[in-house]
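Following: one structure in structure tokens, then a few remarks.
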Protein chains: 2
Amino acid sequence: MSLPHAILTALLEKPSSGLELTRRFDRSIGYFWPSTHQQIYRELGKLEKAGHIRVLPAAQPARGQRKEYEVLPAGREELMAWVSLAEDPRPVRDPLLLRMRAAAVVGSAGLAGELRRHLALHRAQLAEYLEIEERDFPPERTSDEDRLRRLVLRGGIDLETFWTGWLTRAIDDLDGPGS
Amino acid sequence: MSLPHAILTALLEKPSSGLELTRRFDRSIGYFWPSTHQQIYRELGKLEKAGHIRVLPAAQPARGQRKEYEVLPAGREELMAWVSLAEDPRPVRDPLLLRMRAAAVVGSAGLAGELRRHLALHRAQLAEYLEIEERDFPPERTSDEDRLRRLVLRGGIDLETFWTGWLTRAIDDLDGPGS
DNA sequence: GTTAGCATGTAAATGGTTACATGATTGT
DNA sequence: ACAATCATGTAACCATTTACATGCTAAC
């Protein structure tokens, strides 16, 4: 049940239309809660029916036409309640680890190449995050909001650092003793 | 499409019934690909129809009665093909990071407590993994299979290490300047 | 023979993904 | 007028989760 709250957060930051939200997701909240326009439109409909958001009066509601939404007080309260909720971490579900485990049984042909490919992808993601950090969070701007947003970004950075480190060691370990 | 392959892997390690698989998932493959008995029964049915596994002749197929499965050659080939496949990493989808981002907008009341709770959970998971490492992977047993399985476990350890580290710093950062 | 637990299964709801459909706007 | 693009939406599918149903087996 996280997508509606992701949308409320994005709308509080700035009232938007469905497609605008989709695009902003692609380069901020979507880094840790990806979503597509289909899902977003569906959720916007539900949120509106629930009285958590509304269409800005300025925009006319016709088919191919822009509809801008804003958050209502009820929506903000819903979001505040959700933030302080107790919710356990999602269990890990990772196909690469699974494939490695399968390779232990049927042989690891082709696996090293795949690990290298993943390493490159994670390095690229790490570089992207570091660039964002440098651009959006220069030292010494520490409002409460910025501190939280920077922590989230730090989470992404540390996570990609974990992957690159682990993959590097895994590749060494597979190549080394085998060749 | 990973669950069938997870099941093939588990069945290759040891032919089992549905419920046995469920239990073994709970303490090995399930650490990085959790599943419930409902899903497992359904997949066993599909895998059997696809000719990837079969019921061991010894077991009679009656309703409340144990049915033991084993992998057929076609199943093993399917698994080998899957191991060397190119498949991008799953995008991250983490509600805690999302809630932190939401807290930047509606205020972080109650968040610090939740972070501490998560820290405790991740520490417990880390301790569990380290125990498994010590028990199942003593130094100097390095068959190819063990090397791969140990790498997978290392992945879990490193991941939990990342979480505990990040959460610790996040809690400091929130508590420190605020009080 | 009744209860407790083991084992297999069905059904419905939720959330996410992929493919497609359609209206409005802008540039040529 | 036509094409390209922006914007909103529908439909079908698939995987996961939750709740429930049913048959077998062993202990009392």
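This is a predicted model, so every value here is computed, not measured. In what follows, every heavy atom counts, from backbone to side chain, and hydrogens, waters and symmetry copies are set aside. Each chain gets a letter, A, B and so on, in the order the sequences are listed, and its residues count up from 1.
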*asked:* Using the side-chain contact (heavy atoms from CB on, under 4.5 Å) criterion, which residues pair with Lys14(A)? Sequence neighbours excluded.
replied: Ser16(A), Glu20(A), Arg24(A)
*So, the side chain of Arg99(B) versus the backbone of Leu85(A): is there a donor-acceptor pair under 3.5 Å, distance only?*
yes
*Does any pair with a residue in residues 78-93 of chain A pass salt bridge (charged side-chain N to carboxylate O under 4.0 Å, His left out), and if so which ones, sequence neighbours excluded?*
Asp88(A)-Arg117(B)
*Using atom types as modelled and distance alone, determine if a side-chain donor or acceptor of Ser28(B) lies under 3.5 Å from a backbone N or O of Phe25(B).*
no
*How long is the line joining CE of Met1(B) and P of dC13(D), in whole Å?*
17 Å
*How would you list, by chain and number, every residue that makes a ring pair (Phe, Tyr, Trp, His ring centres under 6.0 Å) with Tyr129(B), sequence neighbours excluded?*
Tyr31(B)
_Whole angstrom value for the distance that separates P of dT17(C) from CG of Asp88(B)_ = 14 Å
*In whole angstrom, what separates Leu44(B)'s CG from dT10(C)'s P?*
12 Å
*Output the residues of residues 10-30 of chain A in contact with DNA chain C, where contact means a heavy atom of the residue under 4.0 Å from an atom of the strand; sort by number or write none.*
none
*How long is the line joining CZ of Arg66(B) and P of dT22(D), in whole Å?*
24 Å
*Residues touching DNA chain D, which here means a heavy atom under 4.0 Å, drawn from residues 33-43 of chain A*: His37(A), Gln38(A), Tyr41(A)
*Considering only heavy atoms from C-beta outward, does the side chain of Leu3(A) approach that of Gln39(A) to under 4.5 Å?*
yes
*Could you check Leu174(A), Asp175(A), Asp173(A), Thr168(A) and say which one makes a side-chain contact (heavy atoms from CB on, under 4.5 Å) with Ile171(A)?*
Asp175(A)
*Verify the contact: side-chain N or O of Lys46(B) to OP1 or OP2 of dA15(D), cut-off strictly under 4.0 Å; return yes or no.*
yes
*Is the phosphate of dT17(D), meaning OP1 or OP2, less than 4.0 Å from a side-chain N or O of Arg90(A)?*
no
*Quick one: list whatever passes ring pair (Phe, Tyr, Trp, His ring centres under 6.0 Å) with Trp163(B), sequence neighbours left out.*
His122(B), Trp166(B)
